[in-house]
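In what follows, a single structure is set out as structure tokens and then discussed.
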Amino acid sequence: MWSGEKSIGLSKLCILLFIIALIIVVVSAPWLTHWFVGFSQNDLGGTESFFMATIYLGSIPAAYLLYNLLTLIRRIETGEVFIAANVERLRRISWSCFLGAGLALVSTFYYIPWLFVFVAAAFMGLIVRVVKNVVAQAVELKNEADYTI
Amino acid sequence: MPIVVNLDVMMAKRKMSSGELAEKIDISQANLSILKTGKAKAIRFSTLEAICKALDCQPGDILEYREQD
């Protein structure tokens with residue numbers, strides 16, 4: 001039988017899989033970029049270092065995002081949902097997305113398809129930001145309800 | 001907040017302890033403490049009614065409006 005507990009477990013598993021994927025991408029970045037530049041039909045000669053710079057720099061907000069996401073899901077697991085600390089985590093997640101989007105935008109100067117990553121990351125950041133605003137309102141409502149005697 | 005809760009004054013007048021009042025109006029002592037210390041953001045009519053009944057007083061004896069500076 002599917003339950004809320006199992007759903008949180010699945011979310012945690014997905015986050016851990018993303019963390020593993022991020023580690024693999026960072027460790028294998030030199031080979032990965034070399035393979036991609038060779039595989040691509042576009043002339044990407046001399047852009048390997050740029051790709052690696054994007055991957056390494058992008059891994060910082062990505063790691064920060066995943067860390068905050070893991071902390072958030074752990075809090076939700078313990079029943080701490082509508083608290084100010086979670087609003088802060090969501091704010092950090094949102095800014096991590098925007099930071100990644102900014103990096104992708106800058107990277108379009110050597111590889112135009114980074115534009116898709118920029119749009120996706122910026123859109124995700126926007127959605128998380130709206131969710132953060134909703135949770136912030138919910139925290140206020142909960143505080144009011146808790147202090148209604 | 002310009003609304004002041006004078007519950008402790010009324011309890012002293014009626015010589016009623018917090019534990020006794022909490023039991024009579026069926027709320028926890030922690031919630032009664034929130035009410036007494038003015039930390040409460042709102043009070044239900046049902047709670048107010050129970051307090052007035054237990055302390056034999058009017059809502060105005062418990063709640064007071066004071067102009068803020």
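Remember, it's a predicted structure, so these values are computed and weren't measured experimentally. Chain letters run A, B, ... following the sequence lines, proteins first and then strands; every chain starts at 1.
- If you measure heavy-atom distances from I43(B) to chain A, the contacts under 4.5 Å come from both the backbone and the side chain.
- Follow the hydrophobic side-chain contacts under 4.5 Å out from I149(A) and you reach L63(B) in the same cluster.
- By the neighbour-count criterion of 12 heavy atoms within 6.0 Å, atom CZ of F45(B) is sparsely surrounded, having that number or fewer from other residues, nucleotides or ligands.
- Taking hydrophobic clusters as Ile, Leu, Val, Met, Phe, Trp and Tyr residues chained together by side-chain heavy-atom distances below 4.5 Å, I83(A) does not share a cluster with L90(A).
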Do chain A and chain B have donor-acceptor pairs under 3.5 Å, and which are they?
{"from": "Y147(A)", "atom 1": "O", "to": "K41(B)", "atom 2": "N", "distance (Å)": "2.7"}
{"from": "Y147(A)", "atom 1": "O", "to": "A42(B)", "atom 2": "N", "distance (Å)": "3.4"}
{"from": "I149(A)", "atom 1": "N", "to": "A42(B)", "atom 2": "O", "distance (Å)": "3.0"}
{"from": "I149(A)", "atom 1": "O", "to": "R44(B)", "atom 2": "N", "distance (Å)": "2.9"}
{"from": "I149(A)", "atom 1": "O", "to": "T47(B)", "atom 2": "OG1", "distance (Å)": "3.1"}

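- F51(A) and W35(A) fall within the same hydrophobic cluster, defined by Ile, Leu, Val, Met, Phe, Trp and Tyr side-chain heavy atoms under 4.5 Å apart, directly or through other members.
- Using a 4.5 Å cut-off between side-chain heavy atoms of Ile, Leu, Val, Met, Phe, Trp and Tyr, with links allowed through other members, L72(A) and V131(A) fall into the same hydrophobic cluster.
- Linking Ile, Leu, Val, Met, Phe, Trp and Tyr residues whenever their side-chain heavy atoms come within less than 4.5 Å places M10(B) and I3(B) in a single cluster.
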